[in-house]
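Structure first, then comments.
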Amino acid sequence: MTLRKIGLILTTALLLLSGSGCALFQSKKQSAPAPEAQVAVTEVQKAFDAFLMEETRRQLTQDGLTLHFSLTDPSALGIQDVPTTLGSLSEASEIENKQAMEAALNHLQQFDPDTLTPVQQLNYQLLKRDLEQSLAMTRYAPLQFLFEPNQGLISALNQNFLEFRITSEADVQLYLTLLADVERYLNEALTYTQVQAERGYFLQDSALDSTLAEIDRFVEKVDDNVLIVNFAEKLGELEALSADQRQNYADKNEQIMKESYLPSLHHVRDTLEKLRGSAKGQGGLAAAYGEQGQAYYQLLMQSKTAGDQTILELASELESFMLQKLQRMQTLLQQDPQLLDKLENVEFPLTEATTLLQQYQKKMTEIVPEIPQIRYTVSYLDASIASENTIAYYLIPPLDQETENIIKVNPAYQDKAETLWLTLAHEGFPGHCYQHNYFQTTDPHPIRRLLSEIAYTEGWAEIIALEAYRWLGITDEALIEALQINAMYGYYLQCLCDLGVNGLGWSQDDLTGYLSHFGYADAAEQIYLDLIANPGVLLPYGVGEMKIEQLRDQAREALQDQFGLKAFYQVILDQGPRPFAFIEQDIQNWIEETKK
């Protein structure tokens, strides 16, 4: 069965390498109208919009957390019955969910795309791709582990409750209801995990160790647990409640945490430990699970890279691209023998996160289209929740309250100037926060929130963050290029390692041999363990950036003096997250139009 995890409310967090239209919306910037937008809407087009809205409601109401983070007022989208559970992981519910996806796909395909507007045609294609991929994933449910480290259920639950929006007493009551449901939900997850383990599908020991360490770190604090302290702080900001009401709700939260939530995590830990050694195979997906593992990885790879390439096709393209980058770096070093020293001596000012983001908001208008001022807040994660691999993340605001942009920073990195310099550009401006808010100005249909293409969003954030090197005041173009190559090289290399380990069945010795060609043999063991624990996690970053950079280079070559960087990025931005085949066509159309 398909394991529908609680949807993460975050953009995929930037990882530290060892080398994340309807009346509901207001004040939207309208895109240039297509010719057919000026003629009467047909009955088919009305029916299609109605279907999309119904599908949006279906997906948003599968659990209480997803709906809460997506809308502040569900009734504005026609949602009257608000779910008050975390959903279900039972076999019956998963069968029901699969049937609902099949029904949605069948309904979708009853529409003839040629009768729809261009915007509707895009939504049709994106939804079709999403449903087909989700249904295909159901064939590989045994390989999808709920308790994987860093991005599994434990992390998702902790972060979602930490970031839970509380602006009314109804929010308080929903929070407590959902918090009390965690025990049931985790028990269902454990039941499924035990069935997996009996069949030989389970976390390998190194991944299990990471998950257990994640639990230990969180449950270490009890009276001052972050979910107790954080909830009390939010109650204190809720002026509509009396002092007695705040205290009663705080007491109720503490009771649930101590009598249910934390004991449930201890129970998860104990149960997972008892299942240690249940994995029937060792190594990456292809090595541990043979043809089944390789087929699952290819599907996973395609969903994480917004494409349809085979493992070998992508590996060949990425390796060629990376080697070209290495050759370019060698050329730059030959042209300037002092370049290596310059790289090592670049100074990054230690700037407080909010101040740095304010500077980026002003500077980014040099390279990306201007949009109305974006409101946002910056805060720091509690150490008990912050993963050592997470530097920062951007919290996507609700559909109907786009001003709630939140950027969270891991306090362990607040004094690491070089790391924060790129990371805040990636998560904030002109990265995730800017891209999301730009797309919202085009008044997209709410269904687009549910049809994320992670390679697009992470690829955008990676390539645009590289522009932040220019904001250091560096005028040496060769040094800027070298900094950019150096920043991305680790992603390219580890993506290739992932393709080899999880897609092609490389052993640790194979990986060591490959990395030895690049001087990283000593890092092979840790990289191998990381890739086994989280297959495909870096692909959206490295591959996404590569795809956009290739398109930029092609456009610059085709247009020569007519090429404009801001205009290029606007083409990438206008239609929002989508597969790269779609973006390639958009860029080609732009090139042809610019040449006229």
Side-chain angles (χ1 to χ4, degrees), residues 3 5-13 15 20 63-66 68-69 85-87 89 145-166 171 174-190 193 203 207-234 253-272 379-396 406-412 533-534 537:
L3 291 179
K5 304 178 187 179
I6 292 177
L8 283 178
I9 54 174
L10 323 170
T11 62
T12 306
L15 299 181
S20 88
D63 67 80
L65 279 178
T66 296
H68 180 77
F69 280 104
T85 75
L86 298 172
L89 295 172
F145 303 130
L146 291 174
F147 295 104
E148 60 189 347
N150 300 319
Q151 55 183 11
L153 278 187
I154 301 302
S155 175
L157 287 168
N158 291 341
Q159 289 181 331
N160 275 273
F161 281 114
L162 178 68
E163 302 296 352
F164 197 94
R165 182 186 65 258
I166 293 180
D171 290 338
L174 178 61
Y175 176 97
L176 294 173
T177 299
L178 294 174
L179 191 74
D181 193 42
V182 168
E183 182 175 358
R184 174 201 62 81
Y185 189 76
L186 286 178
N187 283 336
E188 285 191 3
L190 284 174
T193 299
L203 298 171
L208 176 59
D209 289 339
S210 297
T211 295
L212 299 185
E214 185 178 354
I215 295 173
D216 289 342
R217 187 168 60 248
F218 183 80
V219 301
E220 183 178 9
K221 294 182 178 180
V222 179
D223 291 334
D224 58 345
N225 186 277
V226 64
L227 293 188
I228 293 178
V229 175
N230 179 263
F231 185 76
E233 291 174 350
K234 290 179 178 179
N253 177 64
E254 185 171 350
Q255 179 184 7
I256 295 172
M257 285 295 299
K258 291 181 177 180
E259 296 180 6
S260 178
Y261 195 101
L262 292 175
S264 293
L265 293 185
H266 283 290
H267 179 54
V268 167
R269 191 199 193 288
D270 293 342
T271 303
L272 294 181
S379 58
Y380 290 90
L381 287 166
D382 186 274
S384 65
I385 274 187
S387 165
E388 62 181 10
N389 292 326
T390 301
I391 304 171
Y393 61 77
Y394 166 60
L395 186 65
I396 300 173
I406 299 173
I407 297 171
K408 286 293 184 76
V409 180
N410 186 337
N534 295 120
V537 71

Practice problem: In sequence, state the C-alpha distance, the side-chain angles, and the governing distance for Ile391 and Val409, and then conclude on side-chain contact (heavy atoms from CB on, under 4.5 Å). | Solution: CA-CA 6 Å; Ile391 304 171; Val409 180; 5.8 Å; no
Exercise. Find out whether Ile407 and Tyr393 are in side-chain contact, i.e. whether some heavy atom of one side chain is under 4.5 Å from a heavy atom of the other.
Key: no
Practice problem: Not counting sequence neighbours, which residues clear salt bridge (charged side-chain N to carboxylate O under 4.0 Å, His left out) with Asp216? List them please. | Solution: Arg269
Exercise. Could you tell me whether a side-chain N or O of Ser155 sits under 3.5 Å from a main-chain N or O of Asn150, the two making a donor and an acceptor?
Key: yes
Practice problem: Mind checking side chain to side chain contact (heavy atoms under 4.5 Å, CB included) for Asp382 and listing every partner two or more places apart, or none if nothing turns up? | Solution: Lys221, Val226, Ser384
Quiz item: With Asp209, which residues qualify under salt bridge (charged side-chain N to carboxylate O under 4.0 Å, His left out), at least two apart?
Solution: Arg276
Self-check item: Under the side-chain hydrogen bond (donor to acceptor under 3.5 Å, both in side chains) test, residues paired with Asn534 that sit two or more places apart
Solution: none
Practice problem: List the steps, then state whether side-chain contact (heavy atoms from CB on, under 4.5 Å) holds for His68 with Asp171. | Solution: CA-CA 9 Å; His68 180 77; Asp171 290 338; 3.5 Å; yes
Exercise. Applying side-chain hydrogen bond (donor to acceptor under 3.5 Å, both in side chains), name anything that partners Tyr261, two or more places apart in sequence or on another chain.
Key: Asn158
Practice problem: Could you tell me the separation between the CD1 atom of Ile228 and the CG atom of Asn230, rounded to the nearest 0.5 Å? | Solution: 11.0 Å
Quiz prompt | Test ring-ring contact (aromatic ring centres under 6.0 Å, His included) applied to Phe147 - qualifying residues, sequence neighbours left out | solution = none
Quiz item: Listed by chain and number, what are the salt bridge (charged side-chain N to carboxylate O under 4.0 Å, His left out) partners of Arg165, not counting sequence neighbours?
Solution: none
Practice problem: Using a 4.5 Å cut-off on heavy atoms from C-beta on, say whether the side chain of Leu227 contacts that of Tyr175. | Solution: yes
Quiz prompt | Phe164/Leu65 under side-chain contact (heavy atoms from CB on, under 4.5 Å): CA gap, chis, key distance, verdict | solution = CA-CA 8 Å; Phe164 197 94; Leu65 279 178; 3.8 Å; yes
Practice problem: Using side chain to side chain contact (heavy atoms under 4.5 Å, CB included) as the criterion, list what pairs up with Gln255, not counting sequence neighbours. | Solution: Lys252, Glu259
Practice problem: Return each pair, listed once, that meets salt bridge (charged side-chain N to carboxylate O under 4.0 Å, His left out) where at least one residue sits in residues 177-190; pairs must be two or more places apart or across chains. | Solution: Asp181-Arg184, Arg184-Glu188
Exercise. Just jot down the salt bridge (charged side-chain N to carboxylate O under 4.0 Å, His left out) partners of Glu254, sequence neighbours excluded, or say none.
Key: Lys258
Quiz item: What residues, two or more places apart in sequence or in another chain, satisfy side chain to side chain contact (heavy atoms under 4.5 Å, CB included) together with His267?
Solution: Asn187, Leu190, Thr271
Exercise. With sequence neighbours excluded, tell me which residues meet side chain to side chain contact (heavy atoms under 4.5 Å, CB included) with Pro263.
Key: none
Quiz item: side-chain contact (heavy atoms from CB on, under 4.5 Å) between Leu265 and Leu186: does it pass, once the steps are laid out?
Solution: CA-CA 8 Å; Leu265 293 185; Leu186 286 178; 3.9 Å; yes
Practice problem: Look only at the side chain of Asn410 and the backbone of Ala392, and say whether a donor-acceptor pair between them is shorter than 3.5 Å. | Solution: no
